[in-house]
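Presented below is the structure to which this report refers.
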Amino acid sequence: MSSNKQRGNSMEAGLLPTSSGQTPTNSSQLSSLQLTAATLTQVLCATMLVQVFVIINNAEFTFGNADNTGFSLDKESKKVFNAHPVLMTVSFVLMTVGKLSFTIPFITNRLSRPKVKVVHGSSWLLALISSSFALYAVFASHNVESQGYKANMYSLHSWVGIAVFAAMIGNFLIGSVAFGFQLVEPETRSKLMPFHKLFGNLIYYGWGVAMILGLLSRSWILSCGYSVTEADVNPAEHYNDLPETCRQMNGLGMEVLATIVLVSVASMKN
């Protein structure tokens, strides 16, 4: 009777899916989804870089003055402000690379973990440098007499942006000391890692929020909108009535949002 019970249990075990049988399938499905998300993220990053250059080269972005379109870091040039959205977008793209450096199989399958850490740290360092120049550009454009003095730190975009930038500096320094150069004990590193990851995520998502708020502020300054003479029951029908730059900025904002979503998918844990 005991042997019959054992055979029954064996047959039942053979019919039920085991955890070892499920895990590879689930992992494979998740990995495939993550790879697709990571690939789409790279496409969006390239699109955002093109999009932001298109925006700053549109005369509507510079209030109809074609002479002020383009890119410059010369504080005496009226083009200096244009460097701000360009470099902040570059920073976001670099942060995306850093965020996915431990996730994208193309990187993890070809590089050792120390080299992946170099990619991760270098991406965030370059993002920090790029965003520093971006902040220089916006403050220079507001504080030069030849361009007409303008207020700083007056918008929600400004305060969110500077807070996220400050957090990025702190998290980068902690990451460099603890994990890059490993100047602290292993036990301390293990305690710091969850917080480093948490703040890395918050900084990345906060950066996206700051970018969208910046686009919103510029849309308000440019008075983006269209006139209607009756109830606007089908806004999509009138979308092309928006100024071209406004449509481009809306597109860039949606690309930032889509990138955040795809990065979240690509970073999922099984």
Side-chain angles (χ1 to χ4, degrees), residues 44-98 122-169 172-173 203-204 206-224 243-253 255-256 259:
L44 277 175
C45 284
T47 303
M48 284 189 291
L49 292 175
V50 173
Q51 187 90 345
V52 72
F53 274 102
V54 170
I55 289 171
I56 68 165
N57 281 287
N58 192 314
E60 290 176 352
F61 186 74
T62 55
F63 307 100
N65 191 336
D67 292 336
N68 293 336
T69 60
F71 178 85
S72 175
L73 279 176
D74 179 7
K75 68 179 183 179
E76 296 298 329
S77 169
K78 287 187 175 296
K79 300 179 182 181
V80 67
F81 175 81
N82 299 344
H84 179 72
V86 170
L87 292 175
M88 284 303 190
T89 303
V90 169
S91 297
F92 183 68
V93 169
L94 289 167
M95 291 163 67
T96 300
V97 174
S122 298
S123 298
W124 282 91
L125 174 61
L126 291 173
L128 184 58
I129 294 172
S130 177
S131 55
S132 297
F133 280 108
L135 288 177
Y136 162 82
V138 72
F139 279 99
S141 69
H142 287 183
N143 293 338
V144 175
E145 184 178 5
S146 61
Q147 297 185 40
Y149 295 125
K150 298 176 183 176
N152 286 305
M153 304 299 295
Y154 65 90
S155 65
L156 181 61
H157 162 64
S158 305
W159 285 102
V160 171
I162 207 71
V164 174
F165 179 75
M168 182 169 68
I169 293 175
F172 178 79
L173 291 176
I203 290 164
Y204 181 75
W207 201 273
V209 170
M211 288 182 66
I212 293 173
L213 287 173
L215 292 166
L216 180 62
S217 295
R218 192 67 174 184
S219 294
W220 179 78
I221 293 172
L222 293 176
S223 300
C224 289
E244 182 182 0
T245 295
C246 298
R247 297 198 304 270
Q248 292 168 351
M249 290 192 298
N250 288 346
L252 180 57
E255 288 159 10
V256 170
T259 300

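- Within the 4.5 Å cutoff, the side chain of Cys224 has heavy atoms near those of the Leu222 side chain.
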- Query: Which is it for Met168 and Leu128 under the side-chain contact (heavy atoms from CB on, under 4.5 Å) test, yes or no, and what are the steps along the way?
  - Reply: CA-CA 8 Å; Met168 182 169 68; Leu128 184 58; 3.5 Å; yes
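- To the nearest 0.5 Å, atom CG of residue Leu252 and atom OG1 of residue Thr89 are 5.5 Å apart.
- Of all heavy-atom pairs spanning Ile203 and Ala167, the tightest one is CD1-O, 3.4 Å.
- Few gaps surround CZ on Phe71; more than 12 heavy atoms of other groups in view lie less than 6.0 Å from it.
- Across all their heavy atoms, Met88 and Met211 have their closest contact at O-SD, 4.2 Å.
- Between Asn65 atom CG and Glu60 atom CD the span is 13.0 Å, to the nearest 0.5 Å.
- Between Trp207 and Phe165, the angle of the ring planes lies from 30° to 60°, which puts this pair in the tilted group.
- Put simply, CE on Met249 and CZ on Arg218 are 7.5 Å apart, with the number rounded to the nearest 0.5 Å.
- Nearest heavy atom pair, residue Asn68 against residue Lys79, reads O-CG, 3.6 Å.
- The closest side-chain heavy-atom distance from Leu135 to Ile162 is below 4.5 Å.
- Atom-to-atom distance recorded for Ser217:OG and Leu156:CG is 7.5 Å, nearest 0.5 angstrom.
- The SG atom of Cys45 sits 11.5 Å away from the CE atom of Met95 when rounded to the nearest 0.5 Å.
- Listed by chain and residue number, Glu145 satisfy the side-chain contact (heavy atoms from CB on, under 4.5 Å) test with Tyr149 (two or more places apart in sequence, or in another chain).
- Here the closest non-hydrogen pair linking Trp159 and Met153 is NE1-O, 3.0 Å.
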- Message: Show, in sequence, the C-alpha distance, side-chain angles and deciding distance for Asn82 and Val86, and conclude whether the side-chain contact (heavy atoms from CB on, under 4.5 Å) test is met.
- Response: CA-CA 7 Å; Asn82 299 344; Val86 170; 5.6 Å; no
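- Side chain of Ser91 to backbone of Ser131: a donor-acceptor contact under 3.5 angstrom is found.
- Distance CG/Leu87 to CZ/Phe133: 8.5 Å, rounded to 0.5 Å.
- For the pair Ser155/Leu213, no side-chain contact is recorded, criterion being any heavy-atom separation below 4.5 Å from C-beta on.
- Residues Ala137 and Ala83 share a closest heavy-atom pair of CB-CB, 3.9 Å.
- The shortest side-chain heavy-atom distance between Val138 and Phe81 falls under the 4.5 Å cut-off.
- The backbone N or O of Gln51 sits nowhere less than 3.5 Å from a side-chain atom of Gln248 that would complete a donor-acceptor pair.
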- side-chain contact (heavy atoms from CB on, under 4.5 Å) between Asn58 and Thr69, intermediate numbers included: CA-CA 6 Å; Asn58 192 314; Thr69 60; 6.0 Å; no
- Tell me, with the steps shown, if Lys78 and Thr62 meet side-chain contact (heavy atoms from CB on, under 4.5 Å). CA-CA 9 Å; Lys78 287 187 175 296; Thr62 55; over 6 Å; no
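- Partners of Asp74 according to the side-chain hydrogen bond (donor to acceptor under 3.5 Å, both in side chains) rule, which considers only residues two or more places apart in sequence or in another chain, do not exist here.
- Scanning both residues, Tyr136 and Leu73, for their nearest heavy atoms gives CE2-O, 3.5 Å.
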